[in-house]
Visitor: 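Before I ask anything, here is the structure I am working with.
Here is the naming used below: chain letters follow the sequence lines, and residue numbers restart at 1 for every chain.
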There are 2 protein chains.
Amino acid sequence: MPDPKKGNSDGESGAGASQKPVRLKELAEHLDLSPAAVSIVLNRSPVADSIPQATQDRVFAAAKELGYRPDFLARSLRSRRTRSIGVLVPEISEGYAAGVSRGLEKHLLSEGYFYFIASHQSEPELLAEGLERLRERLVEGFILLAAQLKAPPPLPTVVVSGHRALEGVTNVVLDQDHAAHHALSHLADLGHERIAFFRGPSNNADADDRWRAIVDAAATLSLEVAPELSIQLEGLSYGEVFYREGYARAKELLARGQRFTALFAFDDIAAVGAMRAFFDAGLRVPEDISIVGFDDIESASFLNPSLTTVRQPLREMGEIAGRVLLERLGGGETPPQVVVKPELVVRDSTCPAP
Amino acid sequence: MPDPKKGNSDGESGAGASQKPVRLKELAEHLDLSPAAVSIVLNRSPVADSIPQATQDRVFAAAKELGYRPDFLARSLRSRRTRSIGVLVPEISEGYAAGVSRGLEKHLLSEGYFYFIASHQSEPELLAEGLERLRERLVEGFILLAAQLKAPPPLPTVVVSGHRALEGVTNVVLDQDHAAHHALSHLADLGHERIAFFRGPSNNADADDRWRAIVDAAATLSLEVAPELSIQLEGLSYGEVFYREGYARAKELLARGQRFTALFAFDDIAAVGAMRAFFDAGLRVPEDISIVGFDDIESASFLNPSLTTVRQPLREMGEIAGRVLLERLGGGETPPQVVVKPELVVRDSTCPAP
DNA sequence: CTTCGTAACTAATTCGATTTAGTACTAGCT
DNA sequence: AGCTAGTACTAAATCGAATTAGTTACGAAG
């Protein structure tokens with residue numbers, strides 16, 4: 001006799017009712033076939049060639065009718081493929097990471113990959129722990145943002161803004177030399193000679209390379225990088241806001257009492273903070289001080305004044321990271337490095353030196 | 001004779017070498033015990049009481065020595081628990097979603113949960129598909145941001161900014177009435193009578209509720225909500241920037257030629273866009289037009305002028321979402337709604353009406 | 001001296017799909 | 001008739017751990 005569970009002969013009851021999923025075995029019984037046969041058909045495995053089309057059609061029809069979905073865990077356990085990747089970002093927040101993250105989805109989702117995300121706060125221990133925990137979950141690869149890896153990770157990895165060549169790792173990096181040259185020659189053209197610099201925090205993957213590029217470019221342009229105008233930004237403790245750091249360091253810069261007519265900030269966020277500090281000190285931007293940022297975050301063109309900045313194609317870098325990792329996972333070879341080009345976006349925060 | 005693979009008798013070779021993981025079976029053989037016994041000890045299952053402490057110590061020591069990590073898939077397949085949750089946000093980007101996302105990690109990671117994240121672009125079909133794909137991956141629950149659910153999802157769910165009461169769903173919402181009242185009474189106190197409004201896009205979960213709250217609050221304060229000053233923001237197509245929408249709608253507002261002295265924008269991003277439009281039209285903020293935003297995004301206090309806004313405790317809302325979901329998953333009861341309070345942050349974008 | 005109880009385990013099943021090695025049957029060829 | 005070659009499948013092993021139902025050995029109680 002029929003037991004008193006709610007009868008649902010339709011497999012696909014629209015409402016989000018949580019009826020228990022159909023299993024391969026049940027589907028097979030329904031079809032009067034073995035689970036093996038059904039699996040073979042559904043996965044279009046090579047052996048399926050010998051199975052007549054009529055049967056195959058029956059199988060697909062029944063699978064659809066009963067709403068069969070292979071169990072992800074069982075399948076992954078067997079195939080050792082999870083179609084998942086792990087993403088570690090410095091901080092889930094505005095600015096840089098947000099820009100890159102937007103690009104990640106593009107290729108991944110359409111290929112059936114999902115990603116776990118977590119933050120590493122620019123701390124090596126957190127990064128290492130994140131890698132380990134994600135590996136336990138059998139992700140197939142990593143995408144890391146602004147991470148300073150010491151050793152090659154155990155899985156295919158793409159690092160956005162990674163400057164160390166490591167076995168099995170593809171670095172997606174901006175051409176920092178071009179970037180620095182663009183920014184500084186723009187300032188030089190405007191007649192700026194006393195230029196202040198925000199140097200990136202030591203725990204930032206781009207900081208050293210960008211600084212080196214700045215020093216090189218300055219030399220080429222016969223500009224001075226004055227130590228008394230160079231400010232080292234500090235990394236943030238968890239949850240702090242980087243705008244504040246730009247603000248504080250700009251105040252410090254002003255307190256030094258040194259004359260300068262322009263600031264090249266490490267990134268847009270710090271630039272915005274600095275701009276605020278200059279306003280608070282009664283200075284005008286750009287009339288008294290020109291500011292060049294870095295990144296071209298979404299808000300950059302809407303600020304007051306709008307921000308002249310070196311544009312990193314953040315979103316594109318995210319897309320590249322996703323695509324390159326997929327290629328790797330698909331067995332393709334990938335280069336140790338992909339270099340993307342920056343672009344100087346001149347807006348209203350720069351003008352000729354006073 | 002030993003085969004020519006690199007000998008590693010130490011289980012824990014520091015470098016990220018990808019030696020194949022130790023299995024329960026191997027560990028058991030090493031210990032000269034059955035896999036069952038080892039499993040029982042390691043999981044501290046009740047039956048372990050009858051196993052002498054000495055043996056237990058041996059097991060733990062050996063597990064550590066060999067670097068044994070239970071296979072996540074095998075374990076999950078058996079236990080039907082994945083310690084994963086699914087997060088769907090409107091867009092991985094600056095502003096609202098970034099703020100909330102920052103709060104999510106707090107409780108989840110420390111409890112061993114990771115989350116998949118994907119965007120739903122405020123489109124019901126993408127949301128539904130995301131839910132389905134994530135469910136296939138056997139996430140244990142969902143956290144949704146600004147999602148408009150039609151039907152209750154099949155798993156424990158927390159919706160941040162969800163205004164529909166649904167079975168099994170906890171909504172974390174802002175008290176929109178307080179928010180509207182704060183903002184409008186601030187403007188009323190400053191003598192503003194002709195106030196323009198940006199109404200949220202129809203695909204935004206907060207839009208209707210907030211608009212209703214605004215209309216109610218205006219009535220209470222005897223303020224007029226003039227149709228000719230009310231502008232409907234449009235939802236965005238994939239990848240667009242919301243600043244631009246604020247900018248465009250503000251231009252449209254100006255083009256109507258109606259006098260107004262203040263704007264209450266749907267959110268900070270739209271407010272920033274509008275501010276830019278006003279500047280471009282030769283208007284001053286706040287002297288000619290006061291602006292009140294909504295959210296208090298990270299940059300709000302660093303803008304020029306800094307933005308008066310209704311603060312949503314975004315990060316806290318994220319934390320709450322994570323905590324509440326964990327409680328649910330742990331078997332606890334959770335309320336259908338958690339209401340958080342807004343706060344008016346008065347900065348420099350508002351001043352007495354001209 | 002048998003029986004019971006318990007300590008200390010182990011064997012076997014289960015989770016749900018994939019995959020390899022077979023098997024039964026038919027058709028064709030000599 | 002006997003043999004091969006397909007065709008259309010199925011049975012059983014596998015992935016790696018968790019769990020239930022036993023099993024063995026030993027000491028104590030009757």
Visitor: Could you tell me the separation between the CG atom of Leu31(A) and the P atom of dA8(D), rounded to a whole number of Å?
Guide: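 Spelled out: CG on Leu31(A) to P on dA8(D) is 17 Å.
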
Visitor: Where the side chain of Ser50(B) is defined as all heavy atoms beyond and including C-beta, which of dA17(D), dA7(C), dT10(D) is the nearest nucleotide?
Guide: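 Taking heavy atoms from C-beta onward, the closest nucleotide is dA7(C).
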
Visitor: With nearest nucleotides of DNA chain C determined for Ala37(B) and Leu77(B) from heavy-atom distances, which residue corresponds to the more 5′ nucleotide?
Guide: Ala37(B)

Visitor: If you pin Arg58(B) and Ala74(B) to their nearest nucleotides in DNA chain C, which one's is more 5'?
Guide: Arg58(B)

Visitor: Atom CZ of Arg69(A) to atom P of dG16(C): distance rounded to whole Å?
Guide: 17 Å

Visitor: What is the distance, to the nearest angstrom, from the CD atom on Glu26(B) to the C1' atom on dA17(D)?
Guide: 13 Å

Visitor: Could you work out which one of dT10(D), dA17(D), dA17(C) sits closest to the side chain of Tyr68(B)?
Guide: dA17(D)

Visitor: Checking all strands, does Ser76(A) fall into the base, sugar-phosphate, or nothing category for heavy-atom contacts under 4.0 angstrom?
Guide: nothing

Visitor: Taking only N and O in the side chain of Arg75(B), is any of them less than 4.0 Å away from OP1 or OP2 of dA18(D)?
Guide: yes

Visitor: Which nucleotide sits closest to the side chain of Ala36(B): dA17(D), dC15(D), dA12(C)?
Guide: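 Looking only at side-chain atoms, Ala36(B) lies closest to dA12(C).
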
Visitor: Does Leu33(A) reach a base, just sugar-phosphate, or nothing at all? Heavy atoms under 4.0 Å.
Guide: sugar-phosphate

Visitor: Using a heavy-atom cut-off of 4.0 Å across all strands, would you classify Ile51(B) as base, sugar-phosphate, or nothing?
Guide: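 Answer is sugar-phosphate: Ile51(B) comes under 4.0 Å of backbone atoms only.
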
Visitor: Just N and O in the side chain of Thr55(B): are any of them under 4.0 Å from OP1 or OP2 of dC9(C)?
Guide: yes

Visitor: For Pro35(B), which contact category applies under a 4.0 Å heavy-atom criterion: base, sugar-phosphate, or nothing?
Guide: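 Since no nucleic acid heavy atom lies under 4.0 Å of Pro35(B), the category is nothing.
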
Visitor: Starting from P on dT7(D), measure out to CD on Gln53(A) and report it in whole angstrom.
Guide: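 Distance, rounded to whole Å: 15 Å.
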
Visitor: Output the single nucleotide from dA17(C), dA18(D), dA17(D) whose closest atom is nearest the side chain of Arg78(A).
Guide: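 Shortest atom-to-atom distance from the side chain points to dA17(C).
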
Visitor: Taking everything shown except Asp49(A) itself, do over 12 heavy atoms lie less than 6.0 Å from its CG?
Guide: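 Counting other residues, nucleotides and ligands, CG of Asp49(A) exceeds 12 neighbours.
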
Visitor: Taking Glu333(A) first and then Arg328(A), would you say they form a salt bridge - that is, a charged N and a carboxylate O separated by under 4.0 Å?
Guide: no

Visitor: Please report the distance, rounded to the nearest Å, between CZ in Phe72(A) and C1' in dC15(C).
Guide: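 Atom-to-atom, Phe72(A) to dC15(C), this comes out as 16 Å.
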
Visitor: Can you tell me which nucleotide in dC9(C), dT19(C), dA17(D) comes closest to the side chain of Leu24(B)?
Guide: dA17(D)

Visitor: Step by step, work out the ring pair (Phe, Tyr, Trp, His ring centres under 6.0 Å) result for Tyr115(A) and Phe116(B).
Guide: CA-CA 5 Å; Tyr115(A) 57 89; Phe116(B) 292 109; 8.6 Å; no

Visitor: Of the nucleotides dA18(D), dG16(D), dT7(D), which one has an atom closest to the side chain of Asp71(B)?
Guide: dG16(D)

Visitor: Among the nucleotides dA17(D), dT10(D), dT10(C), which one has an atom lying closest to any side-chain atom of Ser34(B)?
Guide: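 It is dT10(C).
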
Visitor: Check the distance between dA12(D)'s P and Lys25(A)'s NZ and give it to me in whole angstrom.
Guide: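 Going from NZ in Lys25(A) over to P in dA12(D) covers 14 Å.
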
Visitor: Between Asn43(A) and dT18(C), does any side-chain N or O lie under 4.0 Å from OP1 or OP2?
Guide: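 Yes, Asn43(A) has a side-chain N/O under 4.0 Å of OP1/OP2 on dT18(C).
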
Visitor: Any side-chain N or O of Ser39(B) below 4.0 angstrom from OP1/OP2 of dA18(D)?
Guide: yes

Visitor: Taking the side chain as every heavy atom from C-beta outward, state whether Leu134(B) and Leu88(B) have any atom pair closer than 4.5 Å.
Guide: yes

Visitor: Rounded off to whole Å, could you give me the CG-to-P distance for the Leu73(A) and dC15(D) pair?
Guide: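 Computing the Leu73(A):CG to dC15(D):P distance gives 18 Å.
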
Visitor: So how far is it from Glu140(B) CD to Thr82(B) OG1, rounded to the nearest 0.5 Å?
Guide: 4.5 Å

Visitor: Can you tell me how far apart CG (Leu73(B)) and CZ (Arg78(B)) are? Round to the nearest 0.5 Å.
Guide: 15.5 Å

Visitor: Could you tell me how far apart Ile40(A) (CD1) and dA12(D) (C1') are, to the nearest whole angstrom?
Guide: 13 Å

